[in-house]
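Please read all numbers here as calculations on a predicted model, not as lab measurements. Just so you know, ligand 1 is whichever comes first in the structure, and atom 1 is the first atom listed for that ligand. What you see below is based on every heavy atom in this structure, not just the backbone, and it leaves out hydrogens, waters and symmetry mates.
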Amino acid sequence: MKSAIVTGVSRGLGEALARALLAGGFAVAGIGRTSAAALSGPHYRFVACDLANTIAIDAALTPAFRAIDDARPDYLCLINNAATAGPVGTIGSLESEALAASMAANLVAPIAIANLFCRIFVEGTQVRRIINVSSGAADSPLPGGGPYSIAKAGLEMLTRQLAAENDAETFRAITVRPGVIDTGMQTFMRSQTPETLPSIELFKGFHRDHRLVAPDTVAVKIVDKLVLGDVEQGRTYNYSEL
Ligand SMILES: NC(=O)c1ccc[n+]([C@@H]2O[C@H](COP(=O)([O-])OP(=O)(O)OC[C@H]3O[C@@H](n4cnc5c(N)ncnc54)[C@H](OP(=O)(O)O)[C@@H]3O)[C@@H](O)[C@H]2O)c1
């Protein structure tokens, strides 16, 4: 049996990933504040958790992770997908509380979930994989998009850290930069003002030039190439490689 854990399953890429995995015969545990109505069935379970509330993560997820371990899947994949693009604004204009919530959801939560994953799913016969969903913003600072970019840069270091600490042939940690996807996150960026997001034209251009890809298209490629295919330990995969 193959199992997957996906964060951020209310909409966007996370919902599409969960759907593609279920269609591929995986048992899927979706984690987030809410679950998309379309996700259901005997092989789907939802674990409610606000990932910005990082101190609650261990207690919220441990029972579900233990239940997955008890089912002894021969393949197990965690996809750290959930993220928020806000707060948007240049450094100097941000509120510390919003900044902390963004860092919690985008960076602390994926580390905490990977930590729990490595603690509970210990090395054995099963294949284990962690896929961190990053962005080109991880190494391209966009004026007004600092908190998101900084967190994604840290998330990519999580992949490298996991790779450095795990040399088992049965374990892989990778990063995916999934390209530009037609989701609420892009709508949110386009809805900003040039004052708060001086790089707004980039996002308007993605939309105007029809560069946004449907989440289902991206999800199927990620599942085929990065969940099911052979991957290189610690590597960052771009959309063009999927
Ligand atoms: N869209 C793009 O062009 C693009 C480009 C590069 C990378 N990415 C990356 O792709 C991934 C998916 O993005 P998307 O475009 O699908 O974004 P999206 O449509 O905005 O969806 C984000 C998901 O994350 C969840 N989430 C956010 N904050 C959360 C919290 N505190 N607790 C629990 N869940 C939370 C959301 O749940 P709620 O409904 O509860 O908010 C939602 O399910 C992200 O890692 C993003 O950085 C996207």
Distance to 0.1 Å, residue and atom name: give those for the protein heavy atom nearest to [atom].
atom	result
atom 13 (O) of ligand 1	M185 CE, 4.0 Å
atom 45 (O) of ligand 1	N81 O, 2.6 Å
atom 10 (O) of ligand 1	V133 CG1, 3.4 Å
atom 37 (O) of ligand 1	S10 OG, 3.1 Å
atom 14 (P) of ligand 1	T183 OG1, 3.5 Å
atom 16 (O) of ligand 1	L13 N, 2.8 Å
atom 29 (C) of ligand 1	R33 NH2, 3.5 Å
atom 21 (O) of ligand 1	R11 NH1, 3.7 Å

For [atom], tell me which residue out of [options] has the closest non-hydrogen atom.
atom	options	answer
atom 6 (C) of ligand 1	G179, P110, A52, A16	G179
atom 2 (C) of ligand 1	V6, I181, D50	I181
atom 27 (C) of ligand 1	G8, A83, A82, S134	A83

About how many Å separate [atom2] of [Y] and [atom1] of [X], when rounded to the nearest 0.5 Å?
X	Y	atom1	atom2	answer
L228	L21	CG	CG	8.0 Å
R211	Q186	CZ	CD	9.5 Å
M185	T84	CE	OG1	6.0 Å
M189	L202	CE	CG	9.0 Å

Which of the atoms of ligand 1 are close to [X], meaning less than 4.0 Å from one of its heavy atoms?
X	result
V9	43 (O)
G12	16 (O), 19 (O)
V180	3 (O)
C49	32 (N), 33 (C)
G184	19 (O)
P178	6 (C), 7 (C), 8 (N)

Does an N or O from [X], backbone or side chain, lie closer than 3.5 Å to an N or O of ligand 1?
X	result
T34	no
S135	no
L51	yes
A105	no

Side chain, backbone, both or neither: which part of [X] has a heavy atom under 4.0 Å from ligand 1?
X	result
A104	neither
Q186	side chain
T7	neither
F188	neither
K152	side chain

Please determine, by modelled atom types, if T159 and N132 share a side-chain donor-acceptor pair under 3.5 angstrom.
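The criterion, which ignores hydrogens and geometry beyond distance, is satisfied for N132 and T159.
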Say whether E156 and T175, considering side chains only, have a donor N or O and an acceptor N or O under 3.5 Å apart.
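No.
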Can a donor-acceptor pair be found, under 3.5 Å and without considering hydrogens, that links the side chain of [X] to the backbone of [Y]?
X	Y	value
R128	Y75	no
T7	N81	yes
Q233	N166	yes

Could you report the tightest heavy-atom contact between [X] and [Y], atom names first, then the distance?
X	Y	value
F121	I5	CE1-CD1, 4.0 Å
A104	T54	O-CG2, 3.7 Å
I31	F46	C-CE1, 4.1 Å

Can you check whether V133 reaches N80 side chain to side chain, under 4.5 Å on heavy atoms?
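Heavy-atom side-chain distance check fails, nothing below 4.5 Å.
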Does R190 pair with E201 as a salt bridge, N-O distance under 4.0 Å?
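Looking at R190 and E201, the cut-off is not met.
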Check D69 with R119, please: is the shortest side-chain N to carboxylate O separation under 4.0 Å?
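D69 and R119: not salt-bridged.
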Check if Y148 has a non-hydrogen atom at a distance under 4.0 Å from any atom of ligand 1.
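Y148: in contact with ligand 1 (<4.0 Å).
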Pair Y44, S35 - check side chain to side chain donor-acceptor pair (under 3.5 Å), show working.
CA-CA 11 Å; Y44 180 71; S35 182; 2.6 Å; yes
